[in-house]
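For reference, the structure discussed in these notes is given below.
A, B, ... follow the sequence lines: proteins, then strands. Residue 1 opens every chain.
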Amino acid sequence: MGLLRYTLWRFAQSIPVLIGIITITFFLANQIPGDPVEIMLGPSPAQEQVEAIQARYGLDRPAHERYLTYLAGVATGDLGWSIYYDRPVLEMILLRLPVTMYLTVSAFAFAIVTAIPLGVLSAKRRNEPADHVSRVVSLVGVSTPSFWIGLMLIIVFAFHLGWFPARGLPLPWASPADVRGASTQVEVVRTSLYHLAMPMVALGTLQMAQITRIERSSMVDSLQGEYVKLARAYGVPESTIVRKHAFQVAQLPVITIVGLGLSTALGGAVLTETVFEIQGMGRLIITAINNQDYELIMGTTFMFGVAFVVGVIITDIAYAYIDPRVTYGDEA
Amino acid sequence: MSDPLLSVENLKTQFFTEDGTVRAVDGISFDVHEGEIVGLVGESGAGKSVATSSLLRLVDSPGEIVGGEVTFKGRTLFGLEEDANGDLRPRDDMLSEEEMRREIRGREIAIIFQDPMESLNPVFTVGGQLREFIELNRDLSEEEAKREAIDMLREVGIPAPETRYDEYPHQFSGGMRQRVLIAMALACQPDLIIADEPTTALDVTVEGQILAMVEELQRKYDTSFVWVTHDMSVVAEICDRVNVMYLGEIIEHATVDDLFYDTKHPYTRALLDSMPRPDETVHELNPIRGVMPEAIDPPSGCRFHPRCPDGREVCREVHPEPRDLAEAGEPTHRAACVKYDAFDVGYDESRPLEADVTGGFDAGLTETGGDE
């Protein structure tokens, strides 16, 4: 099986998972006490008003009927209507998703770029001072919640030092007219990066710490491998052994952690976006839940589900690419 | 005879652990001449593998070579001297780590490790790994090295080497991987190959094929070998001269014929008695009683005395160094056992030791037997 067919096959396999997500979310959301109409109209509304609004959003129909309608809608790319924003759910998601993607991908890039050299260095200098420092840093990183890091960054770098802005996150490709204090595209990008720095660190620290730990232990194992002994016995320079022979084998567990971390990071994005007042998916899902906006809750949850599935599939593909022992299923 | 290719004098390697110092290799001496296969035999834990890694200075921490001298083609691979304060320091002519890596490892002395399943890197193609080592140690271009690699794979009996070149180690069987490791060693065209139990992980038929192949290739390329094994039948098949190791020491050294037909040391005798031989019919094999003690706290005197059938009081006190016991004009046959007249320490008058093997297999069996 080729890589493309394998990828398509994995996506096809994920359809039942996504249907499961929709089903569970649908019935859970409907179990929340209270309903959106109540929230909209305030206390003691007129009966006619309630009925009119229920009819308008189809809330007067029984749950199983609405469920099937919703499922059919999702299949055709229609994620429903947001009562709170009074706009299509898909439109809201497409507005917010890029912000969250921008934040999450940057946080991951930050995590990988710092964690891998740190982990390798730690493994190479095992039980030396550099290793101890890196281990303490990663232990602290793993055990500190991202929102706390975010608050501390705001207090130090925004409030006291004033180096970075504490609120919002304009996208680098936004038009200069929409970004305050920017008149050219270059300035937009610069403003965007300034805004990005703190939330990126807040969100990326946990990932960085986890990746550092796994990279270290994986490299320590790999450097003790027989193939490393063999390379040394054939006069391969130590730097080549670390960079090539030991490194590539050691990345297999790291890939798993990175892939799974992608979904953890989305959860972390909810908190980070709240702390930094970023209008992303995290804020959207919170607004949806607070206002019992059924279809918006389902739409946003569904998107998180899709992100998780994509993360897992990317992990699998990366695995098959780097480890020749993993096949695309034709030799099993 | 001309100067030996490799000569090892009183080599000592120790491991500094929390429980104390493990004297894994404790003053061994042997040499290898051009075109020879020299065996290094002993039970597990005798220090054979540590000895071979020490030759290439590849002992990992907490292990350290603490004494002795290793000379290869007139160059000092390892050698210490005393400085003005009486502390030991590396001699000026000892090769640096960089020189060892560039000029000795792979290029002059190659090694075949005992575990073919783990020795190849799982994420690179077999051919790529072979080519890398050839490029590095023979200064060939990438294409030349690839051609050489394919030729060598064919030489060691791998069918369709052009296709196999691009395959990964997991697509090879154990025997095939071992052939690849042998090809690796030969392809670098070293003068000496250290084979560290290369056939131990393989089944007997494959072992036979590989030994036959090594003998043939050895004749063709005239490479010298240090062949490490615990298997006397392998020794009989391919070695010219043999060193028997026990607890970090070489206790007997002889040509292969002398070792089998004129065995001197009781340990060698016991090793030979513990395995079947095609030239002798026995009803029962004789395992060596007890287990080898830890090298962290070796027995006093002769280290084999607690397990030795010929042990006497004197063996507990006198630590024998190997001495040449051969008749004049015969090839050297060294053994370290005080029962021979050459030692003259009063063995004949000494009382035999009580047979008290503590903690050995026999003791264990008696204890469990009591429960039944």
For [X], look at atom [atom1] and say whether over 12 heavy atoms of other residues, nucleotides or ligands are found less than 6.0 Å away.
{"X": "A:W173", "atom1": "CH2", "result": "yes"}
{"X": "B:M213", "atom1": "CE", "result": "yes"}
{"X": "B:F124", "atom1": "CZ", "result": "yes"}

| request: Check B:P122 against A:P324 and note the closest heavy-atom contact, atom names and distance. | output: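 Minimum heavy-atom contact is O-CG, 3.2 Å.
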
| field | Nearest heavy atoms of B:R101 and A:P237, plus distance in Å | value |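 Smallest interatomic distance, heavy atoms only, reads NH1-CG, 3.3 Å.
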
Non-hydrogen atoms of chain A under 4.5 Å away: do they reach the side chain of [X], the backbone, both or neither?
{"X": "B:M184", "result": "both"}
{"X": "B:L181", "result": "both"}
{"X": "B:E132", "result": "side chain"}

| field | Top contributor to chain A contacts, counting heavy-atom pairs under 4.5 Å, from B:L56, B:N137, B:I194 | value |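 Most pairs with chain A among the choices: B:N137.
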
| field | Sidechain-backbone polar pair: A:Y234 side chain, B:I111 backbone, donor-acceptor under 3.5 Å | value |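 Side chain of A:Y234 to backbone of B:I111: a pair is present.
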
| Looking at A:Q248, A:H245, A:K244, which hits side-chain contact (heavy atoms from CB on, under 4.5 Å) with B:N121? |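 Of A:Q248, A:H245, A:K244, side-chain contact (heavy atoms from CB on, under 4.5 Å) with B:N121 is met by A:H245 alone.
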
| message | How long is the straight-line distance from OH of A:Y227 back to CG of B:D115, given to the nearest 0.5 Å? | response |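 The CG atom of B:D115 sits 12.5 Å away from the OH atom of A:Y227.
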
| Which distance, rounded to the nearest 0.5 Å, do you find between the CD of A:E226 and the CZ of B:F113? |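 Rounded to the nearest 0.5 Å, the CD-CZ separation comes to 6.5 Å.
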
| field | Part of A:T240 lying under 4.5 Å from any heavy atom of chain B | value |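 Contact with chain B is through the side chain of A:T240 alone.
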
